[in-house]
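Notes to accompany the following structure.
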Amino acid sequence: MGMFDAFDISASGMTAQRYRMDIIAENVANANTTRTENGGPYRRKVVTFQAKGSGVEPFANVLSASTNNLSQAVGKGVRITSIQEDFKTDMNKVYDPSHPDADEAGYVTYPNVNTITEMTNLIDASRGYEANATAFDASKSMALKGLQIGK
């Protein structure tokens, strides 16, 4: 692994977690949006990550490669593969016949955004960002120590 590979790995993790936090903020901001440009209520979005590289290696292959040669087992970071709308979680129906978006029965369909779930995901993303920032700082400190030794 090269000296700057650690920086690239940590930076890709920070970028991915920052983008995840942006999507979570969008979900929270639209928690009460009953009508979008498409006409229906806002639908919660979910970010999916994947390891960078040619493909996903089974764990057994990575483990055997790491015991033979450490440089083959080093990852290349993370990337965002998709931002998908959540169709698994049900939309919230609330009885409010005076609402302009109420159906014939008087029910309004609200987004499938649960603020508690979103805040939990936000804490998770924030901690992931902090972990990557700590790893970046540790890599930077090791690189500086190496330069000082070489004086």
Side-chain angles (χ1 to χ4, degrees), residues 1-2 4-140 142:
M1 177 164 89
F4 295 108
D5 289 344
F7 295 138
D8 292 340
I9 292 168
S10 297
S12 72
M14 286 190 289
T15 301
Q17 293 295 355
R18 182 196 50 81
Y19 191 77
R20 181 177 173 214
M21 286 188 270
D22 290 345
I23 295 298
I24 292 168
E26 180 182 329
N27 288 341
V28 172
N30 287 298
N32 293 316
T33 303
T34 57
R35 189 181 316 159
T36 61
E37 295 170 355
N38 300 334
Y42 177 82
R43 193 167 282 279
R44 177 178 182 260
K45 294 179 182 170
V46 180
V47 178
T48 307
F49 298 155
Q50 183 180 14
K52 282 184 182 178
S54 59
V56 179
E57 288 288 322
F59 180 75
N61 294 354
V62 173
L63 181 62
S64 65
S66 68
T67 56
N68 297 333
N69 184 358
L70 184 61
S71 64
Q72 292 177 348
V74 174
K76 298 192 182 346
V78 68
R79 66 184 175 96
I80 298 168
T81 55
S82 67
I83 297 98
Q84 298 175 344
E85 291 184 346
D86 180 10
F87 287 97
K88 293 180 183 177
T89 309
D90 293 332
M91 301 296 244
N92 300 320
K93 290 208 176 245
V94 176
Y95 183 73
D96 186 3
S98 64
H99 195 282
D101 292 327
D103 61 10
E104 299 81 29
Y107 285 93
V108 180
T109 304
Y110 281 95
N112 57 346
V113 175
N114 181 340
T115 53
I116 295 170
T117 301
E118 297 300 323
M119 294 308 291
T120 304
N121 290 340
L122 184 63
I123 291 169
D124 181 51
S126 176
R127 297 269 166 84
Y129 185 92
E130 289 171 5
N132 280 295
T134 301
F136 189 91
D137 286 341
S139 299
K140 183 175 76 172
M142 286 186 271

Do Met91 and Arg43 pass the side-chain contact (heavy atoms from CB on, under 4.5 Å) test, and can you show the C-alpha distance, the side-chain angles, and the key distance before you say yes or no?
CA-CA 8 Å; Met91 301 296 244; Arg43 193 167 282 279; 4.1 Å; yes
Are the side chains of Asp124 and Arg20 in contact, using a 4.5 Å heavy-atom criterion?
yes
Side chain of Asn30, backbone of Thr33: donor and acceptor closer than 3.5 Å?
no
Rounded to the nearest 0.5 Å, what's the gap from OH on Tyr129 to CZ on Arg18? Could you check?
8.0 Å
Rounded to the nearest 0.5 Å, the CZ atom of Arg44 sits from the CD1 atom of Ile24 at a distance of 8.0 Å
Do any N or O atoms from the side chain of Thr36 and from the backbone of Tyr42 form a donor-acceptor pair under 3.5 angstrom?
no
Between Pro41 and Thr109 the two heavy atoms that sit nearest each other are CB-O, 3.5 Å
Look at atom CZ of Phe4 and say whether more than 12 heavy atoms of other residues, nucleotides or ligands are closer to it than 6.0 Å.
no
Does Phe7 have more than 12 heavy atoms from other residues, nucleotides or ligands lying within 6.0 Å of its CZ?
yes
Can you confirm whether the side chains of Thr34 and Asp101 place a donor and an acceptor under 3.5 Å from each other?
yes
For Arg79, does the CZ atom have more than 12 heavy-atom neighbours from other residues, nucleotides or ligands under 6.0 Å away?
yes
Counting only pairs under 3.5 Å, give me each side-chain donor-acceptor contact of residues 130-140, with atom names and distances, residues two or more places apart or in other chains.
residue : atom : partner : partner atom : Å
Asn132  : ND2  : Gly128  : O            : 2.9
Thr134  : OG1  : Glu130  : O            : 2.9
Ser139  : OG   : Ala135  : O            : 3.0

Quick check against the 3.5 Å criterion: does Asn114 have a side-chain atom that pairs as donor or acceptor with the backbone of Ile116?
yes
How long is the straight-line distance from CG of Asn112 back to NZ of Lys88, given to the nearest 0.5 Å?
12.5 Å
Which heavy atom of Val78 sits nearest a heavy atom of Ala16, and at what distance?
CG1-CB, 3.9 Å
Nearest-0.5 Å distance that lies between atom CG in Asp8 and atom NZ in Lys52
7.0 Å
I'd like to check Lys93 versus Asp103 (side-chain heavy atoms, cut-off strictly below 4.5 Å). Are they in contact?
yes
Using a 3.5 Å distance criterion without hydrogens, assess whether the side chain of Asn92 forms a donor-acceptor pair with backbone atoms of Pro111.
yes
Scanning both residues in full, the closest heavy-atom pair of Thr115 with Ala31 reads CG2-CB, 4.5 Å
Rounded to the nearest 0.5 Å, what separates atom CD in Glu118 from atom CD1 in Ile123?
12.0 Å
Rounded distance (nearest 0.5 Å) linking atom CG of Asn121 with atom OG of Ser126
12.0 Å
More than 12 heavy atoms of other residues, nucleotides or ligands under 6.0 Å from CZ of Phe49: is that the case?
yes
